[in-house]
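Read the structure below first, then the notes.
Bear in mind that the values here come from a model prediction, so they are computed numbers and not experimental data.
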Amino acid sequence: MRTLTFVVGTGRSGSTALSASSNAHPDVLSLNELLSSVQSRGFPKGLLGGGEFWRLLADPNPQFESMIRSGVPMPEFVYTRRPGRFATQTTGIPALSLMVLPHLTDDPDGLFDELEKQVCRWPDRTAAGHYEALFDLLCARFGRTAVVERSGYSTERVPLLRRVFPRARFVHLFRDGPDCALSMSRHTGYRLILLLREILARTGAERPDDLTQDQIRSLPPELASLLAERFDPALVLDSDLPLTRFGALWSELIARGVDHLSDVPAPMRTTLAYEDLLDEPRKELTRLADFIGVEPLPQWLDVASARLDGSRRGTSQRLPTAELAALRECCAPGARALAGGEG
């Protein structure tokens with residue numbers, strides 16, 4: 001029986017390397033950043049025809065398109081590094097093509113066309129039913145038996161995923177707080193996340209898509225400009241975003257993620273520390289394989305272990321003493337949550 005596992009976490013925690021390791025297993029269908037690609041709009045209520053479901057996968061992600069157009073793409077945008085017939089400036093890049101399909105094949109455009117022909121003919125189903133059918137289709141296409149979806153910045157989606165996929169398993173992947181926060185501070189996506197969170201805090205809106213024109217006009221020009229189809233990349237790259245804000249973000253995401261995952265039945269969840277993965281890769285990868293329901297094949301363990309890069313460990317230790325101390329203080333609530341103490 002096919003299994004379904006979601007690897008959730010803050011992001012910037014070794015999750016991209018873990019996706020690559022999972023993808024190297026002959027029985028694992030590794031869906032890289034599927035949730036990030038479709039986001040909340042990918043799970044509407046009610047019944048959908050096959051064509052309607054396909055549009056959720058094929059319509060470009062507006063925020064990601066804006067980042068590409070503005071010259072601040074995320075490194076996770078695999079398609080733009082090996083471009084095919086889709087482009088932001090002309091057709092728009094389908095959400096499914098930007099990060100998911102290039103992770104599965106060297107011919108993402110061909111796989112896109114193949115899926116479109118089949119999915120558009122599907123009968124009415126719930127979004128959950130369509131996703132399950134898509135997972136089955138891709139597993140049959142690639143000869144896999146276990147689905148592993150991994151998206152960064154995904155701890156908040158645990159309640160939604162539990163509701164939509166009640167039989168799914170969860171792996172909470174996390175990394176040392178100061179190291180993770182420092183990595184976030186250097187990543188265009190997380191810098192934009194902090195700025196968008198500031199916009200929501202100032203306006204009271206729940207999502208950028210919900211903002212009214214009056215709310216946008218109330219914002220400082222440098223924040224309002226980020227909501228345009230194209231914006232000055234300096235607004236993201238050069239904004240004064242203290243490292244401690246990323247530490248606080250890490251703590252918030254960790255604490256909320258631990259809380260959400262505590263509601264998942266114990267046999268359906270596990271944790272994976274990035275540092276443990278670096279220290280004992282074969283042991284941790286074997287435990288991961290057992291959890292997701294595949295064999296820890298010796299050849300796979302060799303390949304997957306070789307793909308782990310320990311050079312990012314301890315990067316925060318090179319910060320000035322006072323800056324590191326302030327960052328550790330901001331990360332302390334998240335560390336306590338991970339340890340099972342008061343968050």
Side-chain angles (χ1 to χ4, degrees), residues 1-9 11 13-36 76 78 99-108 111 114-115 128 131-152 154-155 157-158 161-162 164-175 257 261 264-310 313:
M1 181 179 178
R2 172 182 61 74
T3 61
L4 173 61
T5 303
F6 291 98
V7 178
V8 297
S13 52
S15 48
T16 300
L18 188 63
S19 280
S21 296
S22 299
N23 199 38
H25 196 292
D27 295 324
V28 174
L29 179 75
S30 177
L31 297 179
N32 180 56
E33 302 279 10
L34 174 62
L35 295 180
S36 296
E76 290 83 357
V78 185
M99 296 181 282
V100 182
L101 298 187
H103 189 66
L104 296 174
T105 175
D106 291 333
D107 181 20
L111 181 56
E114 183 181 328
L115 292 174
Y131 281 110
E132 294 283 10
L134 177 66
F135 300 158
D136 288 339
L137 175 61
L138 287 170
C139 278
R141 168 70 168 73
F142 290 98
R144 311 299 170 98
T145 60
V147 176
V148 177
E149 195 282 339
R150 193 283 310 173
S151 288
S154 53
T155 51
R157 297 193 180 102
V158 171
L161 296 174
R162 286 194 65 223
V164 176
F165 305 106
R167 293 182 297 176
R169 308 171 189 186
F170 292 87
V171 176
H172 184 198
L173 176 66
F174 55 87
R175 179 186 181 189
L261 288 162
V264 179
M268 306 299 288
R269 58 180 161 88
T270 192
T271 59
L272 181 59
Y274 177 61
E275 289 75 20
D276 290 345
L277 192 59
L278 294 178
D279 289 339
E280 299 183 282
R282 297 181 73 87
K283 174 186 174 182
E284 292 301 298
L285 289 169
T286 295
R287 187 169 65 84
L288 177 65
D290 290 340
F291 181 76
I292 65 179
V294 296
E295 289 293 321
L297 304 172
Q299 184 176 2
W300 171 69
L301 291 174
D302 291 340
V303 172
S305 298
R307 293 187 176 185
L308 298 172
D309 177 13
R313 183 211 300 264

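Under the 3.5 Å distance criterion, the side-chain polar atoms of Thr5 are left unmatched by any main-chain donor or acceptor of Phe170. Although no hydrogens or angles enter the test, the distance criterion places a donor-acceptor pair under 3.5 Å between the side chain of Arg144 and the main chain of Val28.
Under a cut-off of 6.0 angstrom, the local environment of CD in Glu114 is crowded, with over 12 non-hydrogen atoms contributed by other residues, nucleotides or ligands.
Thr270 and Arg287 form a side-chain donor-acceptor contact under 3.5 Å, judged by distance and modelled atom types alone. Looking at Ser305 and Arg282, their side chains never bring a donor and an acceptor atom within 3.5 Å of each other.
Atom CG of Leu34 is separated from atom CG of Leu138 by 9.5 Å, given to the nearest 0.5 angstrom. To the nearest 0.5 Å, atoms CD (Glu76) and OG1 (Thr16) are separated by 5.0 Å.
Test Ser22, Ser36, Ser19 against Arg150 for side chain to side chain donor-acceptor pair (under 3.5 Å) and you get one pass: Ser19.
Pairing each heavy atom of Glu149 with each of Glu33, the nearest pair is OE2-C, 3.7 Å.
Take Asp136 and apply the side chain to side chain donor-acceptor pair (under 3.5 Å) test, not counting sequence neighbours, and it matches Arg2. Scored by the side chain to side chain donor-acceptor pair (under 3.5 Å) test, Ser30 finds His103 as partners (sequence neighbours excluded).
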side-chain contact (heavy atoms from CB on, under 4.5 Å) between Val264 and Val158, worked out: CA-CA 9 Å; Val264 179; Val158 171; 4.3 Å; yes
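Taking 4.5 Å as the limit, every side-chain heavy atom of Ile292 sits out of range of all side-chain heavy atoms of Val147.
Classification of the Phe6-Phe165 ring pair by plane angle, with boundaries at 30° and 60°, yields tilted.
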